[in-house]
Structures are given as C-alpha cells and as structure tokens.
Amino acid sequence: MSLDSTLVGRTFPATPPYRVSHEKVAEFAGATGTPYVADGPVPATFPIVLAFAAMNDFLDTVGVDLSRIVHGEQKFAYERPIRTGDVLTTALTVASLRQIGGNDIIGTRSDVTDADGALVCSTSAVLVHRGGTA
C-alpha cells in the first residue's frame, strides 16, 4: 500500500511533554555507548528519543507497521543544547514523499520545542516504507 501524497506538508499533533531527566539521559548514553556524566552535556543524538515517539505516532495514524520501515538517514540541527530538566514536545511534519520501486521514501522533519514553545532542535529523517511482501 503506497502512502497518499497529500501527506506532504501535514504536521501531526505534538507528542506529550517529555521531561529530560538525568536518569533518562544516562540510560540513553549507556544504550548507545556515549560517555555521559551527571549534569554534563546531553548527547547530541538524544533527540532521537523524542523524534522516534513522534514517528511512531505518525506511523500509527497513517496505518503503517513499524516492521515495514527501514531508517535511511537522520540529521540534527540545534538552536540550543538540550539540558536535563527541559520539558520537550515534538511535532512531526511530512516534508516529502515519493515512490521508488514500490517503496515509499518519506522525508520527515520533527521540531523539538521547549515548554515555552521555543525551537530547541529540528531533526530530519528519511524513512523507507517497504512495499509489497518484501
């Protein structure tokens, strides 16, 4: 099933507020093998935690099973560093969509904002939605 091109430009509802805690950052750092000390800088790739939640919400909304997704690319662009204690939400926008060989190539942008609504980080991803029975 190919995705509908009218998804391009659509922004999906923001994720629930997520409090960045020392425990969650330490857990992420341990899982990724990233050095982290309490109250030190949050790893640069930490926003994937929030972007992944937004992506899962998007996939559920459009009826795509995560097992049919191959993650193609991920980029992060920061306005400011993430700090423990931040309360963040993330809204995903479908930036592009094209079909190649029966697969959907989905470009997304997820904007991570703080409790005041200020942009903290934007992430962009390319997702491949495998078509057919592959």
Query raised in the report: Where do Val20 and Leu88 land on the side chain to side chain contact (heavy atoms under 4.5 Å, CB included) test, with the steps shown first?
Result: CA-CA 8 Å; Val20 179; Leu88 305 172; 3.6 Å; yes

Considering all heavy atoms, the nearest [X]-[Y] contact:
X: Val49; Y: Phe28; answer: CG2-CD1, 3.7 Å
X: Thr15; Y: Leu50; answer: CG2-O, 4.4 Å
X: Ser96; Y: Val8; answer: C-CG2, 4.0 Å
X: Arg19; Y: Gly85; answer: NH1-O, 3.2 Å
X: Ser21; Y: Thr84; answer: C-CG2, 4.1 Å
X: Thr123; Y: Ala51; answer: OG1-CB, 3.7 Å

Could you tell me whether a side-chain N or O of [X] sits under 3.5 Å from a main-chain N or O of [Y], the two making a donor and an acceptor?
X: Asp114; Y: Asp116; value: yes
X: Tyr78; Y: Ala44; value: yes
X: Arg68; Y: Arg130; value: yes
X: Gln74; Y: Ser124; value: yes
X: Asp104; Y: Ile106; value: no

Linking I/L/V/M/F/W/Y whenever their side-chain heavy atoms sit closer than 4.5 Å, directly or via other members, would [X] and [Y] fall into one cluster?
X: Val126; Y: Val64; answer: no
X: Phe52; Y: Ile82; answer: no
X: Leu3; Y: Leu66; answer: yes
X: Val70; Y: Ile100; answer: yes
X: Leu119; Y: Val87; answer: no

Report task. Determine, stepwise, if the pair Phe12 / Asp57 fulfils side chain to side chain contact (heavy atoms under 4.5 Å, CB included). Result -> CA-CA 8 Å; Phe12 290 81; Asp57 291 349; over 6 Å; no

Working to the nearest 0.5 angstrom, can you tell me the gap between [X] [atom1] and [Y] [atom2]?
X: Gln99; Y: Ser5; atom1: CD; atom2: OG; result: 7.5 Å
X: Asp39; Y: His22; atom1: CG; atom2: NE2; result: 7.5 Å
X: Thr32; Y: Ile48; atom1: OG1; atom2: CD1; result: 11.5 Å

Query raised in the report: Taking it one step at a time, do Val62 and Leu7 satisfy side chain to side chain contact (heavy atoms under 4.5 Å, CB included)?
Result: CA-CA 9 Å; Val62 299; Leu7 289 172; 3.9 Å; yes

Query raised in the report: So Tyr18 and Phe46, would you call those rings parallel, tilted or perpendicular, with 30° and 60° as cut-offs?
Result: tilted

Do [X] and [Y] touch side chain to side chain, with heavy atoms closer than 4.5 Å?
X: His129; Y: Asp65; answer: no
X: Pro43; Y: Val25; answer: yes
X: Thr11; Y: Leu92; answer: no

Report task. Establish, from distance only, whether the side-chain atoms of Thr89 and Thr113 form a donor-acceptor pair under 3.5 Å. Result -> yes

Requested in this report: Decide, yes or no, whether a salt bridge links Asp86 with Arg80 under the criterion of side-chain N to carboxylate O below 4.0 Å.
Outcome: yes

Report task. Please assess Leu127 against Met55 for the test side chain to side chain contact (heavy atoms under 4.5 Å, CB included), listing each intermediate value before the final yes or no. Result -> CA-CA 10 Å; Leu127 309 172; Met55 182 194 71; 3.7 Å; yes

